[in-house]
Amino acid sequence: MSSIEKDKIPSSLSSSSSLPLSTPFVDFSKGINGFDKIILRESRGSSAEVYLYGGHVTSWKNDHGEELLFLSSKAVFKAPKAIRGGIPICFPQFGSHGTLDQHGFARNRIWAVEDDPPPFPTTTLNKAFVDLILKPSEEDTKIWPHSFEFRLRVALGPGGDLMLTSRIRNTNSDGKPFSFTFAYHTYFSVSDISEVRVEGLETLDYLDNLQNKERFTEQGDALTFESEVDKIYLSTPTKIAIIDHEKKRTFVLRKDGLPDAVVWNPWDKKAKAMADFGDDEYKHMLCVEAAAIEKAITLKPGEEWKGRLELSAVPSSYCSGQLDPQRVLQGS
């Protein structure tokens with residue numbers, strides 16, 4: 001369930017121009033093209049990188065140093081282009097579902113580090129985390145005439161799990177509500193797209209973006225991939241598994257407040273048409289995106305919405321040549 005609360009919380013912001021001091025768990029540094037980035041490190045060796053440009057997670061590595069997210073070798077780290085790969089944030093619009101540019105503007109704005117954010121309902125023992133905030137500029141309010149505070153916490157758990165929590169608050173002073181759609185546009189790194197299965201979306205309805213958003217019902221089998229796919233699955237479970245046979249690895253995606261799930265791979269023709277994407281890179285990535293698209297989220301002034309994503313990567317176990325996805329989906 002999505003979390004909308006009506007209590008007003010005062011904000012305390014820090015400027016992006018002065019980054020906080022680094023710690024053993026959180027390192028503030030310069031990334032590609034001089035963009036500010038934050039490196040999160042967990043004591044067992046896992047890590048994540050977050051750019052202030054877009055509030056964008058560009059890397060997530062396990063404790064063996066293996067990269068778990070896909071980032072295109074041709075990704076452009078230059079405004080106003082969004083970074084191709086990692087976890088772009090789509091807000092206040094997903095795709096072309098509205099009047100704004102594709103996927104809204106949060107993914108190509110400079111976010112700020114927030115030193116003292118409003119408290120979370122639950123305390124965390126994680127030391128490797130960073131809190132970011134985005135507020136609209138004057139230019140933003142010309143294309144989307146609303147005032148908001150978008151808080152994003154990126155955290156690494158003790159086992160190397162990656163957690164993203166978004167809190168979006170309506171701060172309009174004119175009494176007007178606003179509506180938005182949203183997605184964590186996660187690019188997973190896979191060994192070979194033809195060897196990947198997705199479990200948890202069987203028998204669900206979906207909107208097919210390749211067929212004018214027409215509604216269909218998925219068949220009973222796990223999803224496999226042999227051509228371009230661009231689907232929005234509706235009313236999805238809180239847990240989805242992405243099984244990479246070749247790497248013997250399963251990604252488990254857990255989500256809260258995000259009822260939909262987008263599955264996307266551009267395949268060969270679209271890959272060749274994208275300047276910031278290698279011709280053959282479609283073979284090594286799959287987007288499975290926790291989202292709220294079909295039913296836009298509406299907030300009255302003072303209300304806050306929360307959407308949470310947790311990613312983990314676990315070794316896959318084989319059983320007579322097949323994985324047992326039910327164990328992954330039904331396990332904790």
Side-chain angles (χ1 to χ4, degrees), residues 30-38 48-61 67-111 134 137 139-140 142-144 164 181-194 196 207-213 225-232 242 244 261-291 293:
K30 293 289 181 187
I32 296 168
N33 287 343
F35 278 142
D36 289 321
K37 74 173 180 180
I38 300 108
E49 290 190 9
V50 192
Y51 274 73
L52 290 188
Y53 180 66
H56 197 131
V57 176
T58 55
S59 171
W60 170 41
K61 293 179 180 176
E67 182 58 65
L68 303 173
L69 297 178
F70 167 84
L71 184 71
S72 174
S73 62
K74 295 189 172 182
V76 177
F77 285 74
K78 189 176 180 183
K81 186 74 179 167
I83 299 166
R84 175 71 67 188
I87 310 179
I89 287 175
C90 304
F91 171 86
Q93 175 186 301
F94 174 83
S96 56
H97 291 248
T99 58
L100 299 173
D101 287 345
Q102 173 89 351
H103 291 327
F105 52 75
R107 65 188 187 144
N108 54 17
R109 297 294 186 267
I110 302 285
W111 293 53
L134 178 69
S137 68
E139 291 302 307
D140 295 336
K142 286 177 186 171
I143 58 170
W144 200 65
L164 284 79
T181 49
F182 177 95
Y184 292 112
H185 197 315
T186 310
Y187 288 74
F188 291 96
S189 173
V190 298
S191 53
D192 179 351
I193 187 63
S194 63
V196 170
L207 307 177
D208 194 335
N209 286 325
L210 302 180
Q211 301 194 49
N212 296 315
K213 302 186 176 75
F225 303 94
E226 51 193 28
S227 60
E228 181 185 358
V229 61
D230 190 355
K231 297 175 179 178
I232 303 169
I242 302 152
D244 187 336
V262 181
V263 178
W264 180 68
N265 183 294
W267 223 251
D268 54 348
K269 283 183 186 167
K270 282 225 173 114
K272 287 184 172 73
M274 291 190 285
D276 62 345
F277 195 93
D279 289 357
D280 292 323
E281 287 186 329
Y282 74 91
K283 295 175 183 175
H284 306 297
M285 55 72 65
L286 178 65
C287 286
V288 179
E289 314 167 28
I293 300 166

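These numbers were taken from a predicted model, which means no experiment stands behind them. Heavy-atom basis, side chains included; hydrogens, waters and symmetry copies ignored.
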Under a 4.5 Å cut-off applied to non-hydrogen side-chain atoms, are [X] and [Y] in contact?
{"X": "Ile38", "Y": "Leu52", "answer": "yes"}
{"X": "Trp267", "Y": "Val229", "answer": "no"}
{"X": "Phe94", "Y": "His103", "answer": "yes"}
{"X": "Leu71", "Y": "Ile83", "answer": "yes"}
{"X": "Pro92", "Y": "Leu100", "answer": "yes"}
{"X": "Trp264", "Y": "Met285", "answer": "yes"}
{"X": "Pro88", "Y": "His56", "answer": "yes"}
{"X": "Tyr51", "Y": "Lys37", "answer": "yes"}

- Message: Can a donor-acceptor pair be found, under 3.5 Å and without considering hydrogens, that links the side chain of Asp230 to the backbone of Asn209?
- Response: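 Such a contact is absent between Asp230 side chain and Asn209 backbone.
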
Identify the two heavy atoms, one from [X] and one from [Y], that lie closest to each other, and give their separation to 0.1 Å.
{"X": "Val190", "Y": "Lys283", "result": "CG2-O, 4.0 Å"}
{"X": "Tyr184", "Y": "Ile89", "result": "CD2-CG1, 4.4 Å"}
{"X": "Thr181", "Y": "Gln93", "result": "OG1-CA, 3.3 Å"}
{"X": "Lys272", "Y": "Asp279", "result": "CA-OD1, 3.6 Å"}
{"X": "Ala183", "Y": "Glu289", "result": "CB-OE1, 4.2 Å"}
{"X": "Leu134", "Y": "Ile110", "result": "CD1-O, 4.0 Å"}

- Query: With a 6.0 Å cut-off on ring centres, are Phe225 and Tyr282 close enough?
  - Reply: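 When the ring centroids of Phe225 and Tyr282 are compared, they turn out to be at least 6.0 Å apart.
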
- Query: Centroid-to-centroid, Phe77 to Phe35, below 6.0 Å?
  - Reply: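 No.
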
What is the distance from atom [atom1] of [X] to atom [atom2] of [Y], rounded to the nearest 0.5 Å?
{"X": "Trp60", "Y": "Ile87", "atom1": "CH2", "atom2": "CD1", "answer": "8.0 Å"}
{"X": "His284", "Y": "Ser72", "atom1": "NE2", "atom2": "OG", "answer": "11.5 Å"}
{"X": "Asp244", "Y": "Leu286", "atom1": "CG", "atom2": "CG", "answer": "10.0 Å"}
{"X": "Ile232", "Y": "Leu207", "atom1": "CD1", "atom2": "CG", "answer": "5.0 Å"}
{"X": "Ser96", "Y": "Gln102", "atom1": "OG", "atom2": "CD", "answer": "6.0 Å"}
{"X": "Ser73", "Y": "Phe277", "atom1": "OG", "atom2": "CZ", "answer": "9.0 Å"}

- Message: For the CG atom on Asn212, are there more than 12 heavy atoms of other groups (residues, nucleotides or ligands in this structure) within a distance under 6.0 Å?
- Response: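 No, because the 6.0 Å sphere around CG of Asn212 holds 12 heavy atoms or fewer from other groups.
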
- ring pair (Phe, Tyr, Trp, His ring centres under 6.0 Å) involving Phe105 - partner list, sequence neighbours excluded: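 Expected list: none.
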
- Can you list the residues that meet the ring pair (Phe, Tyr, Trp, His ring centres under 6.0 Å) rule with Phe91, with sequence neighbours excluded?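 Ring pair (Phe, Tyr, Trp, His ring centres under 6.0 Å) list for Phe91, sorted by chain: Trp144, Phe148, Phe150, Phe180.
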
- Stepwise side chain to side chain contact (heavy atoms under 4.5 Å, CB included) check, Leu69 with Thr186: CA-CA 8 Å; Leu69 297 178; Thr186 310; 3.9 Å; yes

- Is the closest basic N to carboxylate O distance between Asp36 and Lys30 below 4.0 Å?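 Yes, Asp36 and Lys30 are salt-bridged.
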
- Query: With sequence neighbours left out, which residue pairs that include part of residues 77-98 fulfil the salt bridge (Lys or Arg N to Asp or Glu O under 4.0 Å) condition?
  - Reply: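 Matches after skipping sequence neighbours: Lys81-Asp276, Arg84-Asp276.
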
- Message: Using 30° and 60° as the class boundaries, would you call the ring planes of Tyr187 and His185 parallel, tilted or perpendicular?
- Response: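 It falls in the parallel class, under 30°.
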
